[in-house]
Amino acid sequence: MTATRVLVLNSGSSSVKYQLLDMRDSSRLANGLVERIGEQSSRLKHTPLATGGESREWTGPVADHDAALKAVAEELAKDGLGLDSPELAAIGHRVVHGGKRFSEPTVIDDAVLAEIERLIPVAPLHNPANLTGIRTATALRPDLPQVAVFDTAFHTTMPEAAARYAIDVETADAHRVRRYGFHGTSHAYVSRATAKLLGKAPEEVNVIVLHLGNGASASAVEKGRCVDTSMGLTPLEGLVMGTRSGDTDPAVIFHLARVGGMSIDEIDTLLNKKSGLIGLCGDNDMREIRRRIDEGDERAKLAFDIYIHRLKKYIGAYYAVLGHVDAVAFTAGVGENAAPVREAAVAGLDSLGLAVDDELNAVRGDEPRLISPAGARVAVAVVPTDEELEIATQTYALVQRH
């Protein structure tokens with residue numbers, strides 16, 4: 001029996017998301033989520049997609065990630081999809097930070113684990129949880145290839161001119177300070193899907209990808225390779241996000257410390273959790289912000305305008321970096337669903353060949369689609385992202401090669 005299934009695990013600090021896919025046709029067999037790990041009110045939701053059955057859900061204490069993954073294995077086994085199945089080819093793990101070393105999916109061994117652990121200082125919230133998921137899954141199936149797919153990998157093709165900060169080189173190198181970028185699996189998937197939508201190979205097109213969710217990032221993709229991206233050393237840099245400030249004068253930190261008397265931890269919390277849209281207007285849900293704007297709320301309108309202003313700056317900057325743009329692709333929760341954001345982001349950019357058709361932009365759907373007018377010089381597209389499929393595809397291809 002040929003093993004064609006891949007289990008994708010995304011282990012967060014207090015959650016585990018998972019999908020089981022059959023790579024013969026990229027179909028979903030099951031998916032689910034364990035959240036609030038470590039609490040008495042932990043919750044597991046499991047959906048057996050292969051059988052078309054109803055979702056199963058339960059709440060109760062899940063002590064740690066080991067218990068969470070064992071619970072996931074039990075749910076999968078109920079549908080005949082257990083981790084002991086000979087049809088399972090590999091387990092693919094989302095790992096947020098791979099630094100400069102990991103530019104492609106990698107079979108996990110002790111040396112890889114050590115490097116992921118060494119990178120914890122630059123990804124303190126994510127890499128520890130990713131490591132826990134890897135170690136637990138390895139204990140459950142030690143005979144199975146465990147593959148790491150890194151959020152930063154797609155961005156390792158950035159030239160030094162884009163990846164370097166203009167600070168003392170020795171200091172930067174000593175502390176691994178450079179621009180790494182994130183959301184790489186999404187940018188990789190969406191840039192290729194956009195090329196396919198245009199009927200071309202990735203190597204034939206230049207695409208600006210706008211991944212707009214609660215976390216948001218932009219990338220300039222030249223002929224299938226990332227040449228710039230908005231996030232940097234951490235996911236804080238770049239666009240205005242749900243709770244993150246994005247680009248800010250570094251001296252704001254010194255000012256808040258010296259004049260405001262704030263500690264480094266307080267400033268960290270401010271910029272990562274109390275800024276962005278929620279800091280500007282008290283809401284980080286774009287639907288709620290638009291509702292408030294419709295009711296005449298000036299604070300919500302200002303937050304929206306700041307969000308769009310930053311977005312336009314990056315579209316223009318990446319247009320300049322690429323020189324020629326074939327498409328701008330919107331993706332993720334806001335990018336896929338918020339028509340007013342898409343409309344506002346390209347409004348007034350007609351001289352760059354960018355525009356949206358109002359009727360096409362208003363259509364909702366799950367498939368990649370063009371929303372630019374017929375004959376537009378630059379295609380504007382909505383391309384639903386699929387990070388789990390991207391992780392599964394990279395994982396399965398690596399296992400097949402080896």
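A centroid separation of less than 6.0 Å is found between the aromatic rings of His97 and Tyr180.
By the 6.0 Å contact criterion, CD on Glu295 is enclosed, its count of non-hydrogen atoms from other residues, nucleotides or ligands being greater than 12. Within 6.0 Å of the NZ atom in Lys273, the count of heavy atoms belonging to other residues, nucleotides or ligands does not exceed 12.
A search for side chain to side chain donor-acceptor pair (under 3.5 Å) contacts involving Asp297 returns Arg292, not counting sequence neighbours.
One finds no salt bridge joining Glu298 and Lys301 here, because no Lys/Arg side-chain nitrogen approaches an Asp/Glu carboxylate oxygen to under 4.0 Å. Under the 4.0 Å criterion applied to side-chain N and carboxylate O atoms, Arg225 and Glu222 are not assigned as salt-bridge partners. Salt-bridge annotation for Arg192 and Glu390: present, with a side-chain N of the basic residue lying under 4.0 Å from a carboxylate O of the acidic one. The residues Asp350 and Arg377 are annotated as not salt-bridged, no charged nitrogen and carboxylate oxygen being separated by less than 4.0 angstrom. Electrostatic pairing of Arg179 and Asp228 counts as a salt bridge here, judged by a charged N lying under 4.0 Å from a carboxylate O. The residues Arg164 and Asp173 are annotated as salt-bridged, a charged nitrogen and a carboxylate oxygen being separated by less than 4.0 angstrom. The pair Arg290-Asp285 does not meet the salt-bridge criterion, since no charged nitrogen lies less than 4.0 angstrom from a carboxylate oxygen.
Side-chain N/O atoms of His211 and Ser186 include a donor and acceptor closer than 3.5 Å. With hydrogens and angles left out, the side-chain atoms of Asp247 and Tyr314 include a donor and acceptor closer than 3.5 Å.
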Identify each donor-acceptor pair in which a side-chain atom of residues 29-36 lies under 3.5 Å from a protein atom, sequence neighbours left out, and give them as a table.
| from | atom 1 | to | atom 2 | distance (Å) |
| --- | --- | --- | --- | --- |
| Glu35 | OE2 | Arg43 | NH1 | 2.5 |
| Arg36 | NE | Ser41 | O | 2.8 |
| Arg36 | NH2 | Ser41 | O | 3.0 |

Solution key, residues 195-208 side-chain donor-acceptor pairs under 3.5 Å, sequence neighbours excluded:
| from | atom 1 | to | atom 2 | distance (Å) |
| --- | --- | --- | --- | --- |
| Glu204 | OE1 | Ala201 | N | 2.7 |
| Asn206 | OD1 | Lys223 | N | 3.2 |
| Asn206 | ND2 | His324 | O | 2.9 |

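Side chain of Lys312 to backbone of Ala347: a donor-acceptor contact under 3.5 angstrom is found.
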